[in-house]
Chemist: 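Structure in structure tokens, see below.
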Amino acid sequence: MSEVTKRILVTGGTGLVGRAIEKVVADGEGRPDEEWIFVSSRDADLTSSSETKALFERHKPTHVIHLAAMVGGLFKNIRSNLDFWRTNIHINDNVLHTAHESGVQKVVSCLSTCIFPDKTTYPIDETMIHNGPPHSSNFGYSYAKRMIDVQNRGYSEQHGRRFTAVIPTNVFGPHDNFNIEDGHVLPGLIHKVYLAKQSGSALTVWGTGKPRRQFIYSLDLARLFLWVLREYDEVEPIILSVGEEDEVSIREAAEAIAEAMEFRGELVFDTTKSDGQFKKTASNAKLRRYLPGFQFTPFRKAVKETCAWFNANYASARK
């Protein structure tokens with residue numbers, strides 16, 4: 001048997017991406033020299049430096065995948081920009097600094113495409129993160145996530161640390177937050193379609209349905225996280241996304257969900273609700289230079305699998 005030489009601590013380990021990584025590792029992508037530890041907010045309050053240090057002392061990780069964050073959909077962000085800023089700044093600083101003080105060999109943090117400038121050219125790439133303010137709707141979350149990149153550079157230059165970050169586009173899959181008010185667009189739509197089907201009513205989609213997004217299936221993202229942890233050695237972030245040609249409109253996403261859930265009712269677009277950013281097309285050219293042959297799960301297949309999981313787990317998933 002191989003000796004365990006990597007103890008990998010995953011913060012936010014019970015969320016959407018953490019559960020996906022856990023499944024991919026359990027399904028055969030893990031290696032004999034790796035021990036995986038998935039923790040959640042029940043294990044430690046990462047806004048507390050003392051609790052963060054105690055967590056690291058307890059598990060003694062050699063590597064960290066940092067997923068923990070205060071997250072939410074468009075309308076929750078608009079209401080609580082200051083809370084998103086303060087909470088995420090505390091979490092990120094505690095995790096990165098404790099990792100540094102503990103001698104962790106590598107940290108991979110998770111950013112988001114919403115950190116990019118609102119007014120920019122497309123497609124966006126990794127060099128453009130700090131070129132201007134993010135969209136005003138979620139500036140608190142966006143700036144807090146940008147600061148991870150600043151800290152990673154600092155730890156590299158001052159201490160030689162191998163801390164980096166990935167930038168996924170819109171992630172979805174099993175174990176997502178399906179809350180209609182506070183969740184992201186795709187899981188929110190899945191829940192709405194479920195309820196509309198139960199009640200025999202029309203499906204109301206917030207906004208015009210015209211904004212376009214790149215969606216990445218959580219299990220695909222999990223496989224890419226393992227590659228970044230093991231193989232990617234740059235401090236600069238890397239965008240993890242399907243290609244520009246795979247971008248879909250919110251209308252197309254709603255139609256894919258309706259098809260997967262066998263919903264036959266009417267689709268209505270409530271144009272009194274905000275659309276948010278019209279598009280934030282990201283280039284995955286850097287990823288393709290490293291992994292030209294990586295196969296993403298087709299969007300409709302991934303939507304179908306996610307809807308099937310939601311239907312099978314409705315009692316817990318709807319909360």
Side-chain angles (χ1 to χ4, degrees), residues 8-30 36-46 64-74 76-77 87-88 91 95 108-114 141 145 166-195 213-229 240-242 253-254 256-257 260-261 296-319:
I8 304 157
L9 180 73
V10 183
T11 71
T14 57
L16 167 64
V17 181
R19 290 290 188 95
I21 293 172
E22 189 172 24
K23 177 171 172 52
V24 163
V25 167
D27 286 351
E29 298 276 342
W36 289 82
I37 304 149
F38 295 85
V39 296
S40 73
S41 56
R42 288 190 297 276
D43 298 285
D45 175 6
L46 297 179
V64 172
I65 291 179
H66 175 37
L67 306 174
M70 177 184 178
V71 297
L74 173 65
K76 186 176 179 181
N77 273 275
T87 301
N88 286 307
I91 289 172
V95 168
V108 181
S109 297
C110 193
L111 310 185
S112 161
T113 48
C114 71
Y141 178 82
K145 284 291 189 181
V166 302
I167 311 171
T169 45
N170 296 260
V171 191
F172 73 98
H175 303 283
D176 208 337
N177 172 12
F178 293 89
N179 184 293
I180 291 172
E181 294 291 329
D182 292 338
H184 288 107
V185 60
L186 212 78
L189 282 172
I190 289 171
H191 196 166
K192 278 186 165 185
V193 171
Y194 181 95
L195 295 175
R213 296 290 183 265
Q214 287 155 295
F215 293 101
I216 182 170
Y217 192 31
S218 58
L219 297 174
D220 292 345
L221 179 60
R223 289 155 56 215
L224 290 169
F225 253 106
L226 298 195
W227 169 77
V228 171
L229 184 78
L240 302 181
S241 174
V242 299
I257 293 164
M261 302 276 274
F296 288 95
T297 306
F299 178 66
R300 285 182 178 268
K301 180 175 188 289
V303 165
K304 197 167 185 177
E305 289 179 10
T306 304
C307 290
W309 183 90
F310 180 76
N311 282 324
N313 297 275
Y314 180 72
S316 58
R318 66 189 173 89
K319 293 174 185 173

Chemist: Going by heavy atoms in the side chains, are L186 and N170 under 4.5 Å from each other?
Modeler: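 They are not in contact (no side-chain heavy atoms under 4.5 Å apart), so the answer is no.
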Chemist: Write down the atom of A222, the atom of V24, and the distance for their closest heavy-atom approach.
Modeler: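 Smallest interatomic distance, heavy atoms only, reads CB-CG2, 3.7 Å.
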Chemist: Which residues satisfy the salt bridge (Lys or Arg N to Asp or Glu O under 4.0 Å) test with D220, sequence neighbours excluded?
Modeler: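 Listed in chain order: R223.
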Chemist: Taking salt bridge (Lys or Arg N to Asp or Glu O under 4.0 Å) as the test, write out the residues that go with E305, two or more places apart.
Modeler: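 E305 satisfies salt bridge (Lys or Arg N to Asp or Glu O under 4.0 Å) with K301 only.
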Chemist: Find the distance between CD1 (I190) and CG (N311) and round it off to the nearest 0.5 Å.
Modeler: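 So the gap between those two atoms works out to 9.0 Å.
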Chemist: Would a 4.5 Å heavy-atom cut-off, applied to side chains only, mark I167 and S112 as touching?
Modeler: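 Not touching, per the 4.5 Å side-chain cut-off.
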Chemist: Hey, does R19 have a side-chain heavy atom less than 4.5 Å from the side chain of T14?
Modeler: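 A side-chain contact under 4.5 Å exists here.
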Chemist: Which value, rounded to the nearest 0.5 Å, describes the distance between K304 atom NZ and T297 atom OG1?
Modeler: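 OG1 of T297 is found 14.5 Å from NZ of K304.
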Chemist: How long is the gap from CG on L221 to CD1 on I21, to the nearest 0.5 Å?
Modeler: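 Answer rounded to 0.5 Å: 7.0 Å.
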Chemist: Mind telling me whether W309 and F178 have parallel, tilted or perpendicular rings, with 30° and 60° as the class edges?
Modeler: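 If you compare the ring of F178 with that of W309, the planes turn out parallel.
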Chemist: Apply side-chain contact (heavy atoms from CB on, under 4.5 Å) to residues L224 and V166 and explain how you reach the verdict.
Modeler: CA-CA 9 Å; L224 290 169; V166 302; over 6 Å; no
Chemist: Between I257 and K192, does the side-chain contact (heavy atoms from CB on, under 4.5 Å) criterion hold? Intermediate values first, please.
Modeler: CA-CA 10 Å; I257 293 164; K192 278 186 165 185; over 6 Å; no
Chemist: Report the distance from atom CZ of R300 to atom SG of C307, rounding to the nearest 0.5 Å.
Modeler: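 Here the interatomic distance stands at 11.0 Å.
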Chemist: Walk me through it: do L46 and T11 pass the test side-chain contact (heavy atoms from CB on, under 4.5 Å)?
Modeler: CA-CA 9 Å; L46 297 179; T11 71; 4.0 Å; yes
Chemist: Determine yes or no for a side-chain-to-main-chain donor-acceptor pair under 3.5 angstrom, with D43 supplying the side chain and S40 the backbone.
Modeler: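 Yes.
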Chemist: When you measure from the side chain of N88 to the backbone N and O of Y141, does any donor-acceptor pair fall under 3.5 Å?
Modeler: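 No.
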Chemist: I'd like to know whether W36 forms a side-chain contact (heavy atoms from CB on, under 4.5 Å) with I65, so could you lay out the CA-CA distance, the side-chain angles of the two residues, the decisive distance to 0.1 Å, and finally the verdict.
Modeler: CA-CA 10 Å; W36 289 82; I65 291 179; 3.9 Å; yes
Chemist: With the side chain counted from C-beta on, respond yes when N177 and P187 share a heavy-atom pair under 4.5 Å apart, and no when they do not.
Modeler: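 Side chain of N177 against side chain of P187, heavy atoms only: no contact under 4.5 Å found.
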Chemist: Search all heavy atoms of M70 against all heavy atoms of I91 and return the closest pair with its distance.
Modeler: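 Scanning both residues, the minimum pair turns out to be N-CD1, 4.4 Å.
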Chemist: Could I get the full list of ring pair (Phe, Tyr, Trp, His ring centres under 6.0 Å) partners for F296, not counting sequence neighbours?
Modeler: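 Partners of F296 by the ring pair (Phe, Tyr, Trp, His ring centres under 6.0 Å) criterion, ordered by chain and then number, come out as F294.
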Chemist: Are side-chain heavy atoms of P298 and Y217 found at a separation under 4.5 Å?
Modeler: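 Contact flag for P298/Y217 side chains = no.
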Chemist: Just verifying a value: how many Å separate I37 CD1 and E22 CD, rounded to the nearest 0.5 Å?
Modeler: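 Answer for the CD1-CD pair, I37 versus E22, is 12.0 Å.
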Chemist: Kindly compute the distance separating CG (L111) from NE2 (H66), expressed to the nearest 0.5 Å.
Modeler: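 That separation rounds to 9.5 Å.
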Chemist: Looking only at heavy atoms, which two atoms of P168 and I216 are closest? And how far apart?
Modeler: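 Distance-wise, the nearest heavy atoms are CB-CG2, 4.5 Å.
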Chemist: Any side-chain heavy atom of C110 sitting closer than 4.5 Å to one from F225?
Modeler: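 When only atoms from C-beta onward are counted, F225 and C110 do touch, with a gap below 4.5 Å.
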Chemist: Do the side chains of F172 and V303 get nearer than 4.5 Å, heavy atoms only?
Modeler: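 Sidechains of F172 and V303: in contact.
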Chemist: Which heavy-atom pair separates S218 from P174 by the least distance, and what is that distance?
Modeler: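 In this case the closest contact between S218 and P174 is OG-CD, 4.0 Å.
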